[in-house]
Number of protein chains: 2
Amino acid sequence: MNNPTRTIISRRSRPAKEPLSKDIIVKTALELLKSEGSSGLSMRKIAKALDTGPSSLYVYVTNHQELSAFVLDAGMESVVLSNEEGVSWEIRLYETLHSYLTVLMEFPGVAGLALNTIPIGPHSLALTEYILERLHEAGIHSTSAAWGLDLLMLYASSVAFEQASRAENGTTLQAISASYRSLNDKQYPMIASLQSELITSDGEERFRWGLEAILQGILQRQSKFGI
Amino acid sequence: MNNPTRTIISRRSRPAKEPLSKDIIVKTALELLKSEGSSGLSMRKIAKALDTGPSSLYVYVTNHQELSAFVLDAGMESVVLSNEEGVSWEIRLYETLHSYLTVLMEFPGVAGLALNTIPIGPHSLALTEYILERLHEAGIHSTSAAWGLDLLMLYASSVAFEQASRAENGTTLQAISASYRSLNDKQYPMIASLQSELITSDGEERFRWGLEAILQGILQRQSKFGI
DNA sequence: ACCTGAACACCGTTCAAGT
DNA sequence: ACCTGAACACCGTTCAAGT
C-alpha cells in the first residue's frame with residue numbers, strides 16, 4: 001500500500017479555510033469563554049474567531065441557546081469523577097463536586113449555563129450518574145436521591161455562578177465589608193454582630209461546609225422519614 | 001397667610017412631562033420586569049416606557065448594573081417577614097423564604113439579580129437580619145449562622161433562577177422526561193431507574209424538602225463540631 | 001450543501017448641543 | 001440642572017444571493 005514513488009503526495013493542499021463543524025464551533029466558543037468571560041460567548045465573536053460571519057454558524061447550530069447547551073456539556077468533559085479505590089463515598093463525592101466547581105469557575109459563564117440549561121449532554125449525564133451512584137452507596141434512594149442530586153448540583157452551580165458573576169462585575173470583598181461596616185447597628189444588630197463571620201471567605205472551606213451540611217441533611221431526613 | 005382672594009391659584013399647571021427621578025425609573029423597571037420578563041430590564045425599554053431617550057436615565061443612575069441593584073431591592077419590598085406570635089422559628093423561616101421565592105418568581109429576572117448582586121439595599125438587609133434572628137432563635141451562632149444564611153438564600157435564589165430561566169426558555173417538563181426516557185439504561189442505569197423520581201416536581205413540596213434538609217444539616221453540623 | 005453580505009431589530013453608553 | 005439626538009460599538013437572527 002505504501003508506494004515509495006508516491007512519497008511526496010504531500011498533504012493535499014488544504015483549502016485556505018477548513019470547513020466549519022459543530023465541533024470546532026463549540027471548541028472555539030469554549031476557548032473564548034475561558035479567555036474573555038461570558039461576554040466571549042457571542043455568535044459574532046465566535047464567528048470572527050473562525051474568520052467567518054455570524055450567519056455561517058447557523059448551519060451547524062439552530063440558535064445561541066442550543067450552542068450554549070453544547071458548550072456547557074463540552075466544559076463538563078474536564079470534570080474528574082473521583083474513582084480511587086478504598087475511598088469513602090463521601091470523600092469521592094466531595095472531590096468530584098469540587099472538580100465540578102473548579103471547572104465552572106475556570107469557564108466563567110458556564111456556571112450560568114448550568115443553571116439555565118437542562119444538563120442532558122453525555123458529559124453532564126455521566127456526572128449525574130456518578131452522583132447517583134455515590135448517593136446509592138450512602139444508602140440514599142428514590143425521591144431522596146433524586147432531590148438530593150438536584151440539591152447538590154444546584155449548590156455547586158450557584159456557588160460558582162455567584163462567584164463568577166461577582167468576579168466579572170468587579171465586586172470586591174472590600175466593597176462588601178465596607179458596606180456592612182457602615183450599617184446602623186441599632187437597625188441591624190444581628191448583621192452588625194456577625195460582620196466578620198459574614199465576610200470571612202475561605203472559599204474552599206466554606207464550600208465544603210455547605211456540602212457536608214447538605215449531605216447530612218439529606219441523610220437525616222431519610223432516616224427520619226424513610227422517604 | 002391664606003389670602004382668600006388668591007383662592008384659584010389652582011394646581012400650578014404641571015409641565016406636560018413629570019420630571020424623572022430614580023424612584024419612578026426603578027418602579028417602571030420593576031413593572032417591565034414583571035410584564036416582559038428579564039428582557040424588559042433594558043435601558044432603552046425603560047426609557048421608552050417613560051417617554052424619553054435612554055441617555056436621560058444616566059442622570060439618575062450610573063449604569064445598568066446599578067439600576068439592577070436598585071430594582072432587586074425594590075422587588076424585595078414585597079417579601080413578607082413572617083411574624084405571627086407563638087409560631088416556631090422553623091415555620092416562620094420557611095414561610096419567609098417561601099415568600100422570598102414567590103417574589104423572585106413573580107419577577108423573572110430578579111432571581112438572576114439576586115445571585116449577581118450583593119444585597120445591600122434596605123429591604124435585602126431587612127430580610128438578612130430576619131433570617132439571622134431566626135437562626136439565632138434556633139441556637140445557630142457565629143460562623144454557622146453566617147454560612148447558613150448564605151446557604152439558605154443561595155438555595156432560594158437558585159431555585160427561583162433555575163425555574164424562571166427555564167420558564168423563559170420554554171423548557172417544558174415533557175422535554176426533560178422525553179430525553180431521560182430515550183437514554184441507554186446500560187450506560188446510565190441509575191438515571192434510568194430513577195426516571196420518575198427525577199422528573200417529579202411538586203415545586204412546593206420539593207422546595208420545602210430542600211429547605212428542611214439544609215436546616216437539619218446546619219443544626220447537626222453545629223451540634224457535632226460546635227463551630 | 002455550504003458560505004456570505006447585507007439587513008433588521010435590538011443592546012449599553014457617551015457626548016455635544018440644547019433649554 | 002436636566003434633557004435630547006445622534007453616534008459608537010456591540011448583540012442574535014434571517015434571507016436572498018452566490019459557489
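Model, not experiment: these values are computed from the prediction.
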Handout entry: Dot-bracket notation for DNA chain C, counting Watson-Crick and G-U pairs under 3.5 Å, with | for partners on another strand
Key = ||.|||||...|||||.||
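D/dC2 atom C1' lies 18 Å from atom NZ of B/Lys22, rounded to whole Å. In this structure, CG of A/Leu50 is placed 15 Å from C1' of C/dC2, rounded to the nearest angstrom.
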Exercise for the section: Using a 4.0 Å heavy-atom cut-off, write out nucleotides 6-19 of chain C from 5' to 3' as B (base contacted by protein), S (sugar-phosphate only) or - (no contact). Expected result: -B---BBBBB----
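When only modelled atom types and interatomic distance are considered, B/Tyr100 and B/Ser157 share a side-chain donor-acceptor pair under 3.5 Å.
At least one donor-acceptor pair under 3.5 Å links the side chain of A/Tyr60 to the backbone N or O of A/Leu20.
Listed by chain and residue number, nothing satisfies the salt bridge (charged side-chain N to carboxylate O under 4.0 Å, His left out) test with B/Asp73 (two or more places apart in sequence, or in another chain).
At a threshold of 4.5 Å between non-hydrogen side-chain atoms, the residues B/Asn83 and B/Tyr130 count as touching. Two residues are said to be in side-chain contact when any heavy atoms from C-beta on lie closer than 4.5 Å; B/Leu152 and B/Leu135 meet this criterion.
Closest non-hydrogen pair, A/Ala146 versus B/Arg206, comes out as O-NH2, 4.4 Å.
Between B/Thr62 and the choices B/His64, B/Glu66, B/Gln65, the side-chain hydrogen bond (donor to acceptor under 3.5 Å, both in side chains) rule is met once, by B/Glu66.
Rounded to whole Å, the separation between the P atoms of C/dA9 and D/dC10 comes to 22 Å.
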